[in-house]
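Structure record follows, encoded as structure tokens.
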Amino acid sequence: MSKESFKNFVKSHPELATSVMNHKSTWQDFYELYELYGEKNEVWNSYLGKNALAGVSSAKSKSSSMSELINMVKSVDLDSVQKTVGSLQKTIGLLQDIGIGGTSTTTAKTPSYEPRPMYKYFDD
């Protein structure tokens, strides 16, 4: 068997790619199974889902897609998300400070506050 025939086999069965992406198996494992057993063996049933029931209800498929969504959310690294949001906030603050954040340079500036000297009274 050749690598090209294995590639064609994988292209015709995208379930194998999802199994690799979910870290259930590796391409090396699949290639070894392909070399040992060929394309038409019962060993592929567990990966290709051929032994699943034919009358799968839509509720079961919705629950499986919901579980996939939950697993995807669980795999999100919250620390990296928090760091990214923090850096975005700093960038937005910096842009607002230099005047790009919607403030116009033609507006009149408010006079700065100058504190009254300590030794003067109101009537002086």
Side-chain angles (χ1 to χ4, degrees):
M1 307 248 172
S2 69
K3 290 181 186 178
E4 292 301 319
S5 62
F6 175 70
K7 287 181 182 180
N8 291 332
F9 176 70
V10 169
K11 287 179 184 176
S12 64
H13 300 288
E15 300 91 358
L16 298 175
T18 58
S19 180
V20 170
M21 285 189 274
N22 292 335
H23 304 290
K24 293 180 182 176
S25 190
T26 63
W27 289 117
Q28 181 66 35
D29 294 337
F30 287 143
Y31 185 72
E32 289 173 0
L33 288 173
Y34 185 79
E35 285 289 319
L36 289 174
Y37 299 108
E39 292 182 21
K40 299 178 182 179
N41 196 318
E42 293 177 5
V43 74
W44 296 111
N45 288 348
S46 62
Y47 298 108
L48 300 177
K50 290 183 180 177
N51 59 357
L53 296 175
V56 176
S57 67
S58 64
K60 186 175 180 181
S61 65
K62 286 182 182 178
S63 68
S64 67
S65 63
M66 186 62 138
S67 66
E68 289 175 7
L69 178 65
I70 290 171
N71 288 337
M72 185 173 47
V73 169
K74 285 181 182 179
S75 66
V76 172
D77 184 18
L78 294 178
D79 291 332
S80 66
V81 171
Q82 185 177 7
K83 288 178 185 177
T84 304
V85 169
S87 66
L88 286 174
Q89 286 176 339
K90 289 178 183 177
T91 304
I92 290 171
L94 179 65
L95 290 175
Q96 286 177 341
D97 287 343
I98 58 177
I100 296 176
T103 59
S104 162
T105 57
T106 60
T107 60
K109 293 186 178 183
T110 59
S112 62
Y113 173 74
E114 292 183 24
R116 188 173 47 86
M118 294 294 290
Y119 57 87
K120 288 193 175 184
Y121 297 105
F122 289 109
D123 294 333
D124 287 348

Requested in this report: May I ask whether L16 and M21 are part of the same hydrophobic cluster, defined by side-chain heavy atoms of I, L, V, M, F, W, Y residues being less than 4.5 angstrom apart, directly or through others?
Outcome: no

Query - D77: partners by side-chain contact (heavy atoms from CB on, under 4.5 Å), with sequence neighbours left out - result: D79, S80

Query - Stepwise side-chain hydrogen bond (donor to acceptor under 3.5 Å, both in side chains) check, T26 with D29 - result: CA-CA 5 Å; T26 63; D29 294 337; 3.1 Å; yes

Query - Residues forming a side-chain contact (heavy atoms from CB on, under 4.5 Å) with K83, sequence neighbours excluded - result: none

Query raised in the report: Does T18 have any side-chain hydrogen bond (donor to acceptor under 3.5 Å, both in side chains) partners at least two apart in sequence or in another chain, and if so, which?
Result: none

Query raised in the report: Are Y31 and W27 connected, step by step, through hydrophobic side chains (Ile, Leu, Val, Met, Phe, Trp, Tyr) whose heavy atoms are closer than 4.5 Å?
Result: yes

Report task. With sequence neighbours excluded, tell me which residues meet ring pair (Phe, Tyr, Trp, His ring centres under 6.0 Å) with F9. Result -> H13, Y34, W44

Query raised in the report: Taking side chain as C-beta onward, heavy atoms only, is E42 less than 4.5 Å from Y37?
Result: no

Query raised in the report: What is the distance from atom OG of S87 to atom CG of L94, rounded to the nearest 0.5 Å?
Result: 12.0 Å

Query raised in the report: How would you list, by chain and number, every residue that makes a side-chain hydrogen bond (donor to acceptor under 3.5 Å, both in side chains) with E32, sequence neighbours excluded?
Result: Q28

**Report entry** Within one Ile-Leu-Val-Met-Phe-Trp-Tyr cluster: L36 and F6, side-chain cutoff 4.5 Å
**Finding:** yes

**Report entry** Non-neighbouring partners of Q89 that pass side-chain contact (heavy atoms from CB on, under 4.5 Å), sequence neighbours left out
**Finding:** V85

Query raised in the report: Can you list the residues that meet the side-chain contact (heavy atoms from CB on, under 4.5 Å) rule with E114, with sequence neighbours excluded?
Result: none

